[in-house]
Protein chains: 2
Amino acid sequence: MMEQKQEMHEFINRGDEHFMAHISLDCVIFGFHANQLKVLLLKIRHDDRWALPGGFVLKEETMEEAADRVLNERTGLNDIFLRQFHVFSDIHRSNTEKFLELMRSEGIVVEENNWLTKRFISVGFYALVDYEKAIPAEGWDSEACEWFDLDNVGELILDHNKIIGAALETMRRQLNFLPIGYNLLPEKFTMPELQKLYETILGKTLDRRNFQRKMLAYGILDRLDERRKGGAHKAPYLYKFNLEQYQKALKEGLQGGW
Amino acid sequence: MMEQKQEMHEFINRGDEHFMAHISLDCVIFGFHANQLKVLLLKIRHDDRWALPGGFVLKEETMEEAADRVLNERTGLNDIFLRQFHVFSDIHRSNTEKFLELMRSEGIVVEENNWLTKRFISVGFYALVDYEKAIPAEGWDSEACEWFDLDNVGELILDHNKIIGAALETMRRQLNFLPIGYNLLPEKFTMPELQKLYETILGKTLDRRNFQRKMLAYGILDRLDERRKGGAHKAPYLYKFNLEQYQKALKEGLQGGW
DNA sequence: ACAAAAGTGTTCCCCCTACACCCATGC
DNA sequence: GCATGGGTGTAGGGGGAACACTTTTGT
């Protein structure tokens with residue numbers, strides 16, 4: 001606990017020796033579980049609201065590397081599907097008053113002209129991860145890290161609700177071009193599960209048979225001999241992504257929309 | 001000339017009082033003329049290369065406002081189609097050595113730890129403008145401002161070639177969703193002219209008749225009673241965009257691809 | 001046996017593609 | 001009148017949307 005306090009103090013008053021001022025990033029980390037789109041959020045201390053996992057950019061790393069780092073710290077995962085999608089630069093998006101208030105609550109002395117009291121521009125990233133594999137971890141700057149149903153995130157700090165909205169919109173558009181399921185589902189999955197994912201992202205139902213035909217036509221799925229047993233009713237086949245074809249589709253894009 | 005020098009000195013050594021450090025923007029300004037896609041470039045002093053018009057963000061403006069300002073300064077235009085499309089953050093994209101060398105050439109003393117010697121992250125914007133209406137204007141930081149054929153820009157400074165490439169790619173993708181012609185053509189234009197624009201952007205030829213049908217099916221064009229006279233052969237109809245439908249299409253997107 | 005879910009097939013129709021034809025204008 | 005380019009029409013095919021039937025499994 002003492003360490004934590006010191007680490008925080010160090011970060012706040014000397015962070016600008018390592019990080020670039022004025023620039024931050026926020027990650028909208030999507031997962032999929034129980035037929036629900038999930039977002040990973042952090043609980044801010046001394047504030048009853050939650051926030052997107054975010055961070056700053058070290059002087060010797062790119063935005064992408066910084067986002068990867070943040071993602072790894074919060075989920076333990078590497079090699080994640082991660083895309084920048086928008087820069088948020090409203091003048092009043094940072095809230096210096098709130099920051100100082102929070103620091104007072106923590107009993108931390110903030111020097112005049114502290115780098116964190118400046119205006120910050122944030123680059124929004126969105127990530128798709130396997131809900132089962134991610135291990136949410138809070139950091140020294142938060143007291144909890146949890147998955148939330150996308151439609152139940154409540155009021156978040158700053159413009160984070162807006163950022164999530166933009167991320168979702170972007171993902172919906174990209175769904176037409178990118179083979180998105182690979183990142184959100186476990187290695188093996190059934191066609192109905194994949195369909196549920198698409199329906200959830202798009203917010204509408206799709207025809208079972210047409211979905212299957214269209215998806216298979218992309219040629220990025222391999223059907224396994226196994227079936228998912230245990231559930232009631234007929235056991236569906238398991239599929240997995242054909243990595244080679246998947247990579248190709250990532251580069252060249254799919255066609256046709258939903 | 002004396003004023004200019006002073007303005008430059010002021011900007012270089014006191015710019016950080018007005019602008020945010022570490023953050024810049026670059027505009028890929030597209031025009032269309034003589035069946036060619038054009039890009040507006042600036043000639044850097046003491047360097048035989050050209051550069052994208054760019055700028056920095058005032059402490060009290062958004063990225064979008066900053067880009068608008070830069071665009072207005074270089075073209076005299078307002079209310080331009082302008083979109084951010086990517087953040088460029090390679091660690092070595094800025095070239096401090098080159099900057100200091102340039103300052104020496106100008107005979108300007110650069111203080112230690114000058115804000116412009118820091119690493120900069122740049123937000124790429126692309127703009128579509130009416131070639132006829134834009135009036136290229138160089139600024140105090142450049143000695144010329146001219147249109148270049150897109151496929152003839154040569155080697156630009158920093159990562160500006162890469163930025164143009166990414167902008168073009170983005171525009172090609174957006175062509176499927178956005179009614180792009182409105183911004184690049186004069187108010188009245190013929191169907192063959194619009195088609196040439198699309199062919200130029202896509203880099204391939206399209207069927208004349210199918211193009212016309214598809215374009216008209218979008219319902220964003222109004223055919224006028226006038227025809228374009230003077231040319232050889234049959235006089236083609238003139239069209240203009242139906243602003244109401246165009247705005248709607250901007251928001252909701254078109255469908256179908258090329 | 002029955003309900004519910006999953007696999008497979010079929011029809012229809014629209015839209016995209018690829019053409020053919022006619023009309024206008026300048027030489 | 002002829003070449004060239006522009007306007008309009010049409011036949012064909014592929015793919016998406018809508019729907020029927022069979023198969024499997026747990027209760």
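In what follows, every chain begins at residue 1, and chains take the letters A, B, ... in the order their sequences are listed.
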Between NZ of B/Lys204 and C1' of C/dT17 the distance, given in whole Å, is 13 Å
Self-check item: Check: B/Pro136 and B/Trp147 side chains under 4.5 Å, non-hydrogen atoms
Solution: yes
From CD of B/Glu199 across to P of D/dG5 the rounded distance in Å is 13 Å
| request: Mark yes or no: A/Arg223 above the aromatic ring of A/Tyr237, with NZ or CZ under 6.0 Å from the six-membered ring centre and no more than 45 degrees from the axis. | output: yes
Rounded to whole Å, the NZ-C1' distance (B/Lys196 to D/dG5) equals 11 Å
ask   = Would you say B/Gln212 reaches D/dG6's phosphate, i.e. side-chain N/O to OP1/OP2 under 4.0 Å?
value = no
A/His233 has its side chain closest, among D/dA3, C/dT17, C/dA5, to C/dA5
Separation of D/dA18 atom C1' from A/Asn210 atom CG, nearest Å, is 7 Å
Atom CG of B/Leu206 and atom P of C/dC19 are separated, to the nearest Å, by 15 Å
Do B/Glu193 and B/Arg228 make a side-chain contact, defined as non-hydrogen atoms from C-beta onward lying under 4.5 Å apart?
yes
Are A/Phe88 and A/Ile121 close enough that some pair of their side-chain heavy atoms sits under 4.5 Å apart? no
The nucleotide from C/dC23, D/dT8, C/dT8 with an atom nearest the side chain of B/Lys234 is C/dC23
Separation of D/dG7 atom P from B/Phe211 atom CZ, nearest Å, is 12 Å
Testing C/dT8, D/dG7, C/dC19 for proximity to the side chain of B/Pro236, the answer is D/dG7
Closest of D/dT25, C/dA20, C/dG9 to the B/Arg208 side chain is C/dA20
5'-most contact on DNA chain C (nearest-nucleotide basis), B/Gly230 vs A/Arg223, goes to A/Arg223
| query | When all nucleic acid strands are considered with a 4.0 Å heavy-atom cut-off, which category describes B/Arg227: base, sugar-phosphate, or nothing? | reply | nothing
Does any part of the side chain of A/Ile164, heavy atoms only, come nearer than 4.5 Å to the side chain of A/His160, both counted from C-beta? no
To the nearest angstrom, the CZ-C1' distance between A/Arg213 and C/dG7 comes to 12 Å
Whichever of A/Asp207 and B/Arg209 has the more 5' nearest nucleotide on DNA chain D, that residue is B/Arg209
Taken to the nearest whole Å, CE/B/Met215 to P/D/dT8 is 16 Å
